[in-house]
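Presented below is the structure to which this report refers.
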Amino acid sequence: EPEVTQTPSHQVTQMGQEVILRCVPISNHLYFYWYRQILGQKVEFLVSFYNNEISEKSEIFDDQFSVERPDGSNFTLKIRSTKLEDSAMYFCASRGRRNTDTQYFGPGTRLTVL
Amino acid sequence: AQSVTQLDSHVSVSEGTPVLLRCNYSSSYSPSLFWYVQHPNKGLQLLLKYTSAATLVKGINGFEAEFKKSETSFHLTKPSAHMSDAAEYFCAVISNFGNEKLTFGTGTRLTIIP
């Protein structure tokens, strides 16, 4: 069964450093998402991406964040200058066609900012 | 606007007894509703979804949920709990009107007592 994959599973970085989290969505899916879950809190929407542009973003997704689909398979989340409060589990998700609404999630990348 | 309230942060049941995890939602439009399960150090797995078809929805691992519009509820049930059901369960909603993001509840931690 096709699945969303994410790398790395765990990323440790120093405050102020740039990180790139990588995701490979399900092949032939068209809609892509990033969510995050701070330890002990609920899962929060960050951004949605379709047709090579952001379709919606939350207040959390400020200028420090960016997303990209650099090729036909990868979907990346970049944090330019990490802060302590960026420590969280980051989930990538993908969805197929417009008239389907099920988002399939990857296993997540745990980001630890020191 | 859309929101989800999970009424119990923690539920404990004995193995072999029924499980009830409660979820109430708010949505400006016809919602789609989802239950996801998260096992320790794992990603989010879709258990089941409601998308305006049958109000009683069956999912994986013997779980089911009933959509009740009059009560704005989508409670998750299972007739007989198994040790492997111990996990965090998230209810989520998406409005069916151009809205991209899933809005999650705060989660319910299910503990199974041997």
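Note on naming: letters A, B, ... go to the chains in the order of the sequence lines (proteins, then strands), and numbering restarts at 1 for each one. FYI, side chains are in, hydrogens and waters are out, and symmetry mates aren't considered; it's all heavy atoms of this structure. Everything numeric here is computed off the predicted structure, so don't read it as measured data.
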Give the member of A/Y50, A/Y104, A/Y33, A/F105 that has the highest number of heavy-atom pairs under 4.5 Å with chain B.
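Among A/Y50, A/Y104, A/Y33, A/F105, the one with the most close pairs to chain B is A/F105.
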Find the distance between [atom1] ([X]) and [atom2] ([Y]) and round it off to the nearest 0.5 Å.
X      : Y      : atom1 : atom2 : value
A/F91  : B/Y36  : CZ    : OH    : 11.5 Å
A/S58  : B/K101 : OG    : NZ    : 7.0 Å
A/Y35  : B/L102 : OH    : CG    : 4.0 Å
B/Q38  : A/Q37  : CD    : CD    : 4.5 Å
A/Q103 : B/K49  : CD    : NZ    : 11.0 Å

Side-chain heavy atoms nearer than 4.5 Å, only ILVMFWY residues, links allowed to pass through others: does that put [X] and [Y] together?
X      : Y     : result
A/L111 : A/I60 : yes
A/V4   : A/W34 : no
A/Y31  : A/L46 : no
B/L7   : B/F74 : no
A/M89  : A/L39 : no

Decide if atom CD of A/E85 counts as having more than 12 heavy atoms of other residues, nucleotides or ligands within a radius under 6.0 Å.
yes
Taking side chain as everything from C-beta outward and backbone as N, CA, C, O, which of these in B/L46 sits under 4.5 Å from a heavy atom of chain A? Side chain, backbone, both or neither.
side chain
